[in-house]
Amino acid sequence: MVAEIISVGTEILLGDIINTNAQYIAKKLSHIGIEVYYQTVVGDNYDRLKGALNVAFDRSDIVVLSGGLGPTKDDLTKELVADYFGKELVFNQKVYDNVEKRGFEFGLKVISESIKKQAYVPKDALIVHNEWGTAPGIILAKDGKAALMLPGPPSEMEPLFDQCCELFLNKLSNQVFVSMNLRLKGPKEAPGSEIGEAPVADKISAFLDYTNPTVATYAKPDGCIIRVTANAPTREEALERILPVIRDLTDILAPVIKEVYES
């Protein structure tokens, strides 16, 4: 299965907020064996969001969207995804009860029509109850394509996406991905050692051709990281593939290894 992440919000494009949602979603998807080939950021604009959605579904099986589920006119995610799947929006009493409860907790005296808008969801969608805010998580699937819609605030998005994994995504993959990392010492900790990315890559070049597990180097301000990643039906089997490679790399780089950790 191939997934794409679409982050919706003009504030992201303007650099007003950091897009931590895409990072969180991408990591979770990789851990459950669903590959992410593309990430897109699009503003709160009907035509551009519609175009991004069409492109995403042309090249991916699953599209995970965060943002654009709120009460304002420029919150368009739900409407566009429902239209793509040919679904009308219907009133959901359970969602409305939560919207009303949260609204009164926030000090509202009246639940306006714009706020009530969040209680309209695509017909036949799987609704994931939001205990941390108002807009629910929404899952729509049809003809081998699936869309997951999540609210933008990370405090709501993260737990809702975790629930979407348990309810839906975990069933789509028979593989898990596991990564172990070797963090090398920085120049100040190992003066005179060849610990930059290029010298390290030269020293372990044979490992970089591995396919499962894969081995990759990453430059960091304080040195270099070597990431070893394997996929297998279970975490235990993935680790069985990783650990011999970690031992071989440790034999070569032991003097400059600072720590080994799973990510």
(request) For A147 and F85, work out which heavy atoms get closest and say how close. (result) CB-CE1, 3.7 Å
(message) For A125, is there any backbone N or O sitting under 3.5 Å from a side-chain donor or acceptor partner on K87?
(response) no
(message) Any non-hydrogen side-chain atom of I12 less than 4.5 Å from a side-chain atom of N21?
(response) no
(message) For a 4.5 angstrom cut-off between non-hydrogen side-chain atoms, does P233 reach N174?
(response) no
(message) Has K171 got a side-chain atom pairing as donor or acceptor with L167's backbone, closer than 3.5 angstrom?
(response) yes
(request) Could you pull out the closest heavy-atom pair between M157 and P151, with the gap in Å? (result) CB-O, 3.3 Å
(message) Same cluster or not: V36 versus V41, using hydrophobic residues (I, L, V, M, F, W, Y) connected whenever any side-chain heavy atoms lie under 4.5 Å apart?
(response) no
(message) Test your reading of the model: is there a side-chain donor-acceptor pair from T229 to the backbone of T214, 3.5 Å cut-off?
(response) no
(request) Write down the atom of G43, the atom of L13, and the distance for their closest heavy-atom approach. (result) N-CD1, 3.3 Å
(message) Is it the case that over 12 heavy atoms from other parts of the model lie below 6.0 angstrom from the CZ atom of R48?
(response) no
(request) Taking D61 for its side chain and V2 for its backbone only, find out whether a donor-acceptor pair lies under 3.5 Å. (result) yes
(message) Can you tell me if K145 has over 12 outside heavy atoms packed within less than 6.0 Å of its NZ?
(response) yes
(request) Verify the cluster assignment for Y218 and I257: are they in a single hydrophobic cluster under the rule of side-chain heavy atoms below 4.5 Å apart? (result) no
(request) Kindly indicate whether the side chain of V55, heavy atoms from C-beta on, has any atom under 4.5 Å from the side chain of Y38. (result) no
(message) Restricting to side chain to side chain donor-acceptor pair (under 3.5 Å), what partner residues turn up for Q175, sequence neighbours left out?
(response) N231
(message) For a 4.5 angstrom cut-off between non-hydrogen side-chain atoms, does F161 reach V128?
(response) no
N/O donor to acceptor pairs below 3.5 angstrom from side-chain atoms of residues 65-76, sequence neighbours left out:
from: T72; atom 1: OG1; to: D74; atom 2: OD1; distance (Å): 2.5
from: T72; atom 1: OG1; to: D75; atom 2: OD2; distance (Å): 2.7
from: D75; atom 1: OD2; to: G70; atom 2: N; distance (Å): 3.4
from: D75; atom 1: OD2; to: T72; atom 2: N; distance (Å): 3.1

(message) I need the minimum non-hydrogen distance between P255 and K185, along with the two atoms involved.
(response) O-NZ, 3.3 Å
(message) Ring of F91, cation from K116 - is the NZ or CZ under 6.0 Å from the centre and inside 45° of the axis?
(response) yes
(message) Hydrophobic cluster membership, with links at side-chain heavy-atom distances under 4.5 Å among I/L/V/M/F/W/Y: are L249 and V178 in one?
(response) yes
(request) Could you pull out the closest heavy-atom pair between G196 and C224, with the gap in Å? (result) C-CB, 4.5 Å
(message) Within this structure, what is the NE2-CG distance for the pair H31 and L169, rounded to the nearest 0.5 Å?
(response) 14.5 Å
(message) Using a 6.0 Å cut-off, check whether atom CD1 of I18 has over 12 heavy atoms from anything other than its own residue.
(response) no
(message) Keeping T234 on the side-chain end and E237 on the backbone end, is there a donor-acceptor pair under 3.5 Å?
(response) yes
(request) Please check if the side chain of E100 supplies one atom and the backbone of D97 the other of a donor-acceptor pair under 3.5 Å. (result) no
(request) Treating Ile, Leu, Val, Met, Phe, Trp and Tyr as nodes and any side-chain heavy-atom pair under 4.5 angstrom as an edge, say whether L49 and V63 lie in one connected cluster. (result) yes
(message) Closer than 4.0 angstrom, basic N to acidic O: yes or no for E105 and K101?
(response) yes
(message) Less than 4.5 Å apart, side chain to side chain, heavy atoms only: is that true for L140 and M149?
(response) yes
(request) Report yes if some heavy atom in the side chain of S263 is under 4.5 Å from a heavy atom in the side chain of R227; otherwise report no. (result) yes
(message) Under 4.5 Å between side-chain heavy atoms, counting indirect links through other Ile/Leu/Val/Met/Phe/Trp/Tyr residues: same cluster for V42 and F57 or not?
(response) yes
(message) Please identify which of these residues, R102, E156, Q163, meets the side-chain hydrogen bond (donor to acceptor under 3.5 Å, both in side chains) condition with N130.
(response) E156
(message) Does any part of the side chain of L148, heavy atoms only, come nearer than 4.5 Å to the side chain of I25, both counted from C-beta?
(response) no
(request) Check A230 against R241 and note the closest heavy-atom contact, atom names and distance. (result) CB-CB, 4.0 Å
